[in-house]
Amino acid sequence: MSDLRQESPLAGFRSNTAAGEAGSPGVILTERPFLGYVNLRGDAGDATFLAAVEGVLRVALPLDPNTIAEGEDVTACWMGPDEWLLILPPGAQTRALAALGEALAAHHASAVDTTGGYTLVNVAGARRRELLAKGCTLDLHPRSFSPGQCAQTNLGKAGVLLIPRGDGSDAQSFDVIVRRSFADYLGLWLQHSAREYGGAGAAVS
Amino acid sequence: MLLIECPWCGPRDESEFAYSGEAHIVRPLTPEELTDEEWADYLFCRRNTRGDHLEQWCHASGCRRYFNVQRDTVTYRIKSVYKPGEPPPGDRP
């Protein structure tokens, strides 16, 4: 059998870290590859559906638009009035899907494995907001966008899901989830846009 | 740039939205009984309103949901937004 190896959509960017500059870059880009993603759809007005999902994930689905709910090993993101994205540790999607399939068998609902369709880049550093603001029309100020929220929007020309991360109202970093077909574009866009804030130190790794 | 209010996501930039034509066009229940003229009217003929226009928009780069907008075609001012299935505001223009 041939030797199979997982490769992230941004694998080509890794070598760039070797050229990292000394000092503290204004922006730190870190890819978190191979996370599990599950697209979940169902009727938010159906209490039995919500209870069934909570029984599996051990966290209640977020019902307010553009918010997240964090469980022990799952982040549930509101994607629409009847749609959520579950972000799980690498490999955990298989068991979650099986459990959801069982729990939702009697419901008009769907849980679809979209792992491999996305990758995640974490944007940290003092200039994280300036970097994202170059290609994003959202108000990223802590008063309007802080941990606990999420937003689907455009970054550059790519559609992304933005999740502010950290404690308190001031997000220490932002998770940028992008479709893998746009990952190459977005990786280059981020590196190019980050150049003035930290040069080659800002490499996706 | 316009700010358009998505009924779910709140005000977002115009660039996140896609226009989807006139709202409240009901598909005939029995298309096979229509004349060609009536079918063509359903398919192609739209109001060309000057003033308040009820139209569909999709929050394409956001929650990807369709909703309805009441927009003045002269000034581009969006007077109200409402979810699918909700009645249009005021008298139908």
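Lettering of chains follows the sequences in order, A, B, ..., and the numbering in each one begins at 1.
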### Task
Can you establish whether the number of heavy atoms outside B:Tyr66 located under 6.0 Å from its atom OH is more than 12?
no

### Query
Which residues pass the salt bridge (charged side-chain N to carboxylate O under 4.0 Å, His left out) test with B:Arg64, sequence neighbours left out?
A:Glu83

Which residues, numbered in order, of [range] come under 4.5 angstrom of chain B by heavy-atom distance?
| range | value |
| --- | --- |
| residues 37-62 of chain A | A:Arg41 |
| residues 84-110 of chain A | none |
| residues 126-154 of chain A | A:Thr137, A:Leu138, A:Ala151, A:Gln152, A:Thr153, A:Asn154 |

### Message
What's the separation between atom NZ in A:Lys157 and atom OG in B:Ser15, rounded to the nearest 0.5 Å?
### Response
10.0 Å

### Query
A:Trp78 and B:Cys9: which non-hydrogen atoms are nearest, and at how many Å?
CZ3-SG, 4.1 Å

### Query
Is the shortest heavy-atom distance from the side chain of A:Met79 to the side chain of B:Cys63 under 4.5 Å?
no

